[in-house]
Amino acid sequence: AQQGRVREKVYGKQKIYFADQEQLPAASDAELRGLDGEIAARSAQLQALQQSCRHMEAELKDLNSSMTTPEIAREIEALRKDCASCTEKLERIKSATNHVTPEEKEKVCREQQLYRREWRRRKRMATELLDAILEGYPKSKKQFFEEVGIETDEDHGVVLPAT
């Protein structure tokens with residue numbers, strides 16, 4: 001600092017030393033433009049490297065989340081076993097002798113339709129009858145059902161099958 005190569009600044013109890021920039025040679029405009037160009041080139045290079053780094057990190061994340069070769073081998077073996085069991089089950093079903101004939105199937109479907117229609121008809125009749133009784137009844141519908149002991153389909157979670 002006494003020779004003038006380093007400058008000293010005092011801030012309270014602290015002292016800061018830094019190089020005296022007045023002794024450094026001044027850069028020309030051409031040198032400054034060259035340095036600015038170099039800064040721009042290095043910034044572009046930095047951007048390219050950061051983009052490449054992000055791309056590689058994304059690729060690493062994908063690779064880490066994918067299955068390893070031994071895991072894939074185990075998965076393939078498990079799928080082959082499933083396929084074999086399903087094929088065996090299919091063969092048993094095909095070789096079964098108690099197949100349902102189309103006539104039997106049609107008969108069962110007609111019976112189901114008949115029973116469903118009858119269920120709807122009887123439910124509608126019961127509802128109409130109960131509604132007629134409830135017109136002159138002083139209490140609520142729920143209280144009437146409890147007194148008489150009526151249980152509805154809804155009480156038991158029963159739903160009329162769709163057609």
Side-chain angles (χ1 to χ4, degrees), residues 9 11-14 16 18 31-163:
K9 283 199 173 185
Y11 293 105
K13 295 180 181 179
Q14 296 178 344
I16 298 177
F18 56 93
E31 288 176 316
L32 289 175
R33 280 193 295 275
L35 290 173
D36 286 342
E38 189 176 335
I39 289 172
R42 298 283 171 119
S43 294
Q45 185 180 8
L46 174 66
Q47 290 292 330
L49 288 173
Q50 285 176 336
Q51 180 67 24
S52 174
C53 183
R54 282 193 293 272
H55 177 70
M56 288 181 177
E57 285 175 345
E59 188 175 336
L60 176 65
K61 183 180 176 186
D62 287 344
L63 289 173
N64 284 337
S65 66
S66 65
M67 297 174 87
T68 62
T69 303
E71 289 173 339
I72 290 176
R74 285 192 297 271
E75 182 73 19
I76 288 173
E77 188 60 33
L79 290 173
R80 283 190 179 140
K81 286 179 183 176
D82 286 348
C83 184
S85 68
C86 289
T87 304
E88 182 181 320
K89 185 177 178 182
L90 178 63
E91 289 302 320
R92 278 191 314 225
I93 291 172
K94 283 183 179 180
S95 66
T97 57
N98 59 350
H99 292 293
V100 176
T101 63
E103 293 82 24
E104 291 173 335
K105 181 180 176 185
E106 182 63 32
K107 179 184 173 193
V108 168
C109 288
R110 278 194 312 266
E111 285 178 3
Q112 183 197 24
Q113 210 169 21
L114 174 74
Y115 295 141
R116 194 179 327 117
R117 231 185 345 257
E118 191 64 24
W119 184 358
R120 272 201 193 98
R121 188 177 69 78
R122 290 181 183 198
K123 184 174 181 173
R124 186 176 52 249
M125 286 176 14
T127 305
E128 289 173 359
L129 180 67
L130 290 171
D131 287 342
I133 292 171
L134 285 170
E135 283 180 7
Y137 193 71
K139 297 180 183 174
S140 71
K141 181 178 183 178
K142 185 176 177 182
Q143 289 172 334
F144 175 69
F145 282 8
E146 285 178 14
E147 284 181 21
V148 177
I150 297 175
E151 296 177 350
T152 63
D153 293 340
E154 291 76 20
D155 291 341
H156 294 281
V158 177
V159 179
L160 190 66
T163 54

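None of these values were measured; they are calculated from a predicted model.
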D131 side chain reached by E128 side chain, heavy atoms, under 4.5 Å: no
Quick one: do the R110 and Q113 side chains pair a donor with an acceptor below 3.5 Å? no
Residues in side-chain contact (heavy atoms from CB on, under 4.5 Å) contact with [X], at least two apart in sequence or another chain:
| X | result |
| --- | --- |
| T101 | E103, E104 |
| Q112 | R116 |
| E135 | none |
| K13 | none |

If only atom types and distance count, is the side chain of Q143 paired as donor or acceptor with the main-chain N or O of S140 below 3.5 Å? yes
Salt bridge (Lys or Arg N to Asp or Glu O under 4.0 Å) partners of [X], counting only residues at least two apart:
| X | answer |
| --- | --- |
| E57 | none |
| R121 | E118 |
| E154 | K123 |
| K139 | E147 |

Pairwise distance [atom1]([X]) to [atom2]([Y]) - rounded to 0.5 angstrom:
| X | Y | atom1 | atom2 | value |
| --- | --- | --- | --- | --- |
| T127 | L134 | OG1 | CG | 10.5 Å |
| S52 | M56 | OG | CE | 4.0 Å |
| I133 | K141 | CD1 | NZ | 12.0 Å |
| L46 | I39 | CG | CD1 | 12.5 Å |
| S66 | K61 | OG | NZ | 13.0 Å |
| C83 | L90 | SG | CG | 10.5 Å |

Excluding sequence neighbours, so at least two apart, what forms side chain to side chain donor-acceptor pair (under 3.5 Å) with [X]?
| X | value |
| --- | --- |
| D62 | none |
| R124 | none |
| H156 | E151 |

Could you report the tightest heavy-atom contact between [X] and [Y], atom names first, then the distance?
| X | Y | value |
| --- | --- | --- |
| E71 | M67 | OE1-CA, 3.3 Å |
| W119 | V159 | CH2-O, 4.1 Å |
| L130 | I150 | CD2-CD1, 3.4 Å |

Given Y11 and K9, is the side chain to side chain contact (heavy atoms under 4.5 Å, CB included) satisfied, shown in steps? CA-CA 7 Å; Y11 293 105; K9 283 199 173 185; 3.5 Å; yes
Which residue pairs satisfy the side chain to side chain donor-acceptor pair (under 3.5 Å) criterion with at least one member in residues 72-92, sequence neighbours excluded? none
